[in-house]
Amino acid sequence: MDDRKIEEWAGAMTRGEWRTTHQGLAMDQLGMLYDGQHRIAAQIIVGITLRYSVARGIQGDTFTVVDRGKMRSSSYTFAAEGEKDAFNLSAALRLLWMWENVPLEKWKNRHPVSDDQLRTVLERHPGIRNSVRRGKPVPKASARATTLIHYLATQACGSPEVPDQWYAQLGSGENFQRRDPGLVLRNYFLGGDAIERGSRAPIRSMQSVIQVLFLFATAWNNTCTGQQRSIVKAYGSHGVPAVKVPGRKHLFRFSIESSGSAA
């Protein structure tokens, strides 16, 4: 039994998202349940009545080939609905949902979020599609984390213009000055700068995602407030700072118009 799957399906049942499909329950000739254990376990937790398709009298040896196909992920669903870059879109939506609903200290790599929940997030935040296109400026940095900071900066500024240009600059490395926070951030991920005390978190871990959120939010905020740095500030236990808007002493090396308010 996969406790994570049970938790995910129990949540879907509680929210009224569960649907009757051809994938139901299967029993052998003696009435032993061979397929549907997770559905039943989730239903027991929720304590509601559901309708299933039921297959009875199945030969026991057929269960060695049940569920051998690839499970359909959220990215598969979004791709089927015509969304571009569905893999990164679904990852960014999942992280945005967690940002809005789960305290950082409770984040985990596979937090159960349903497709319906992700669709709701996309309906409320359609502008994240632009952040998915623009929000991956440097390698080795979690794309979902950099995309989220781009989107939060877009919300703070009231438009994607400044985040788009800054992220393009992060990608090219052009037009920075020596101690600009953006250049220091870029050099760190490209291996050209050190970090204060401590090492980088393992790639793909949720800690790494939170660290990237912290580093990008801090570099953006320092650029907005005009704070030059010679070294990347290490991630501690302070969470991720709220994203700011450009101030009068900003360090953006392109023309901007003052707009928005702090996020």
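What's counted below: heavy atoms across the whole structure, side chains too, no hydrogens, waters or symmetry copies.
A salt bridge between Glu81 and Arg119 is present, with a side-chain N of the basic residue lying under 4.0 Å from a carboxylate O of the acidic one. Between Asp85 and Arg133, no side-chain nitrogen of the basic residue sits less than 4.0 Å from a carboxylate oxygen of the acidic one, so the salt-bridge criterion is not met. Ion pairing of Lys5 with Glu8 is present here, as a side-chain N (NZ or NE/NH1/NH2) and a carboxylate O approach within less than 4.0 Å.
When side chains are defined from C-beta on, Val209 counts as touching Arg144, because their heavy atoms get closer than 4.5 Å. Counting only heavy atoms from C-beta outward, the side chains of Phe252 and Cys224 approach each other to under 4.5 Å. Between Leu122 and Glu83, the closest side-chain pair of non-hydrogen atoms falls below 4.5 Å.
Looking only at atom types and distance, the side chain of Glu17 has no donor-acceptor partner in the side chain of Gln117 under 3.5 Å away. In this structure, a donor-acceptor pair under 3.5 Å is present between the side chains of His125 and Glu100.
Asp180 contributes no side-chain N or O that, together with a main-chain N or O of Thr223, makes up a donor-acceptor pair within less than 3.5 Å. For Thr154 (side chain) and Gly127 (main-chain N/O), no donor-acceptor pair under 3.5 Å exists by modelled atom type.
When the shell of 6.0 Å around CD of Glu161 is examined, it contains 12 or fewer heavy atoms from other residues, nucleotides or ligands.
Taking the centre of each ring, Phe176 and Trp166 stay at or above the 6.0 Å mark.
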